[in-house]
Asks: 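Here it is, the structure, as structure tokens.
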Protein chains: 2
Amino acid sequence: MPRRPNPTTASPARGTIRSEVLAFVRGRLAAGSPPTVREVQQAFGFKAVESARQHLEALVAEGRLAKSPGRSRGYRLPVGGGPELNVRLIPQLGRVQAGGLREAIEDPDHWDRTGWLAVEGPATGAEMFALTVRGESMTGAGILPGDTVIVRRQDTARDGEIVVAQVRDEATVKRLRLRDGQIVLQPENPAFAPLIFAPDTEIRILGRVVEVRRRLA
Amino acid sequence: MPRRPNPTTASPARGTIRSEVLAFVRGRLAAGSPPTVREVQQAFGFKAVESARQHLEALVAEGRLAKSPGRSRGYRLPVGGGPELNVRLIPQLGRVQAGGLREAIEDPDHWDRTGWLAVEGPATGAEMFALTVRGESMTGAGILPGDTVIVRRQDTARDGEIVVAQVRDEATVKRLRLRDGQIVLQPENPAFAPLIFAPDTEIRILGRVVEVRRRLA
DNA sequence: CAGTTAAACAGACATATGTCTGTATGTCAA
DNA sequence: TTGACATACAGACATATGTCTGTTTAACTG
């Protein structure tokens with residue numbers, strides 16, 4: 001049968017079965033279901049489990065795959081030196097009316113009806129949610145209408161950070177400025193005026209913007 | 001010890017441990033490594049495997065989870081009614097030198113050294129990759145230096161779309177304009193001048209920008 | 001030719017993991 | 001109280017899955 005024995009001159013085996021195995025594993029990982037060794041075996045028609053495992057182990061040895069030994073479906077993408085890939089799903093509250101935003105944020109029971117967004121971030125248990133931006137008040141900071149902002153839930157923020165704040169019954173995204181005991185919500189667009197508040201008035205910080213996303217498709 | 005017996009009036013169990021289990025599974029799925037029953041057990045401190053399994057099976061019965069019986073790490077997101085989620089991992093080529101970008105894009109074997117980014121998108125097999133933006137030439141379109149653009153690999157694009165193009169040995173992000181048989185790469189910043197090319201010259205389109213991301217943390 | 005090597009194979013084994021059975025505990029309703 | 005129910009626990013079992021050992025085949029080298 002078609003054995004594929006020693007090419008000997010074998011360079012790092014590009015464009016060969018081995019790379020196809022890598023591509024297969026990549027596809028399965030992207031689809032969210034890491035393959036078992038036997039699934040690789042079947043996909044390539046190997047008659048022995050070990051044949052698939054040899055390719056997988058070789059890919060690990062070459063650094064083109066990573067794995068957790070012993071664990072089932074343990075093959076992963078190699079982490080590029082950086083921190084581990086840590087993806088979380090957060091609720092997308094973008095279409096909640098402003099008045100209900102606070103309840104939506106604080107009541108996880110509302111989340112099931114929303115969309116979900118995959119974000120990468122620290123493993124910390126920080127609550128996060130996503131909102132859709134309305135208006136052009138932050139275009140100067142590269143935040144356009146329709147953009148999605150990913151917000152880390154917190155009650156306070158530091159000067160200069162971009163925050164989501166609740167002003168009376170409305171939620172708004174602005175840059176926070178703390179001056180002379182005053183709270184200023186500063187737009188990043190000369191056509192808009194800053195909103196100035198005294199502490200403990202009808203303003204409340206709902207979270208800090210940690211990421212901005214815009215889909216162009 | 002703290003048992004959590006029958007609330008009886010139990011509505012679909014929102015805001016309870018069960019929802020937290022669902023959130024945990026969601027996170028693991030988004031991270032690309034579906035959990036085992038025993039991993040759920042450990043995560044919640046259950047002393048019996050069966051406790052975790054009961055929650056998981058209940059979630060399946062409620063339609064909030066799906067699963068492949070018997071298969072290891074077989075719990076999935078429900079395909080139909082529930083919140084659909086289609087997360088893929090794409091290579092982050094942001095730090096590839098411009099000259100090597102084309103090779104990096106076209107040779108999957110170069111991807112190993114990069115990081116990976118989770119993006120949501122159609123299940124179509126469209127190749128995608130991510131780049132880090134340099135320079136301020138697109139600030140008018142809300143694309144700032146340091147932003148990450150997610151690119152769909154394609155050789156052509158339509159007038160008005162934002163593309164990644166290779167000009168001589170450099171990769172650049174610009175808005176594409178097709179005028180009078182000419183190819184124009186138009187910056188979105190008055191301080192920069194458009195680049196105008198004749199067709200089939202030293203310009204080549206590498207892909208179309210479908211998403212922009214910016215981390216503020 | 002003999003020796004080396006990479007790939008594939010066959011079979012067994014060890015562990016990981018899903019699943020089942022039975023029991024105990026606390027809350028609610030009759 | 002009693003029964004029903006949901007939850008948690010303990011232990012066992014069956015299967016899925018990773019891993020190991022040894023053998024075979026084909027290509028290359030000397």
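Residue numbers start from 1 in every chain, and the chains themselves are labelled A, B, ... in the order their sequence lines are given, proteins ahead of strands. This is a predicted model, so every value here is computed, not measured.
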Asks: On the 0 to 90° scale, with breaks at 30° and 60°, tag the A/His55-A/Phe46 ring pair as parallel, tilted or perpendicular.
Replies: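 Aromatic pair A/His55/A/Phe46 classed parallel.
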Asks: Would you say that A/Leu29 contacts A/Leu77 through its side chain, given a criterion of any heavy-atom pair below 4.5 Å between the two side chains?
Replies: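 With C-beta onward as the side chain, the pair touches.
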Asks: Would you say the side-chain atoms of B/Arg73 and A/Ser72 include a donor-acceptor pair closer than 3.5 Å?
Replies: yes
Asks: Starting at the 5' end of nucleotides 11-20 of chain C, put B wherever the base has a protein heavy atom under 4.0 Å, S where only the sugar-phosphate does, and a dash everywhere else.
Replies: -----SBBBB
Asks: Any donor-acceptor pair under 3.5 Å linking the side chain of B/Thr36 with the backbone of B/Glu39?
Replies: yes
Asks: For the pair made of CD in A/Gln54 and P in C/dA10, what is the distance, rounded to whole Å?
Replies: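 About 13 Å, once rounded to whole Å.
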Asks: Can you see if the side chain of B/Ser51 gets near the phosphate of D/dC9 - specifically, an N or O under 4.0 Å from OP1 or OP2?
Replies: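 The answer is yes; a side-chain N or O of B/Ser51 sits under 4.0 Å from OP1 or OP2.
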Asks: With sequence neighbours excluded, what pairs up with A/Arg213 under the salt bridge (Lys or Arg N to Asp or Glu O under 4.0 Å) test?
Replies: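 Only A/Glu211 meet the salt bridge (Lys or Arg N to Asp or Glu O under 4.0 Å) criterion with A/Arg213.
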Asks: When you check the phosphate oxygens OP1 and OP2 of D/dA6, does a side-chain N or O of B/Arg18 lie under 4.0 Å from one of them?
Replies: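 Checking B/Arg18 against D/dA6: no side-chain N or O falls below 4.0 Å of OP1 or OP2.
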Asks: What stems involve DNA chain C, if each pair must be Watson-Crick or G-U and both of its distances must be under 3.5 Å, with 3 or more such pairs in a row?
Replies: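 Only these stems qualify: C:1-30 with D:1-30.
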Asks: Could you state the CD-C1' distance from B/Gln41 to D/dA10, rounded to the nearest angstrom?
Replies: 11 Å
Asks: Taking atom P of C/dA7 as reference, at what distance in whole Å does atom NZ of A/Lys47 sit?
Replies: 18 Å
Asks: Rounded to the nearest Å, what distance is computed from the CD1 atom of residue A/Ile17 to the P atom of nucleotide D/dA26?
Replies: 16 Å
Asks: So which of A/Ile162, A/Val163, A/Val133 actually passes side-chain contact (heavy atoms from CB on, under 4.5 Å) with A/Val209?
Replies: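 It is A/Ile162, the one option of A/Ile162, A/Val163, A/Val133 that forms the side-chain contact (heavy atoms from CB on, under 4.5 Å) with A/Val209.
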Asks: Going by side-chain contact (heavy atoms from CB on, under 4.5 Å), A/Leu206 matches just one of A/Thr172, A/Val173, A/Leu131, A/Val164. Which one?
Replies: A/Val164
Asks: Reckon B/His55 has a side-chain N or O less than 4.0 Å from the OP1 or OP2 of D/dA6?
Replies: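 Answer is no, no contact under 4.0 Å.
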Asks: Indicate whether any N or O donor in one side chain lies under 3.5 Å from an N or O acceptor in the other, for A/Gln166 and A/Arg204.
Replies: no
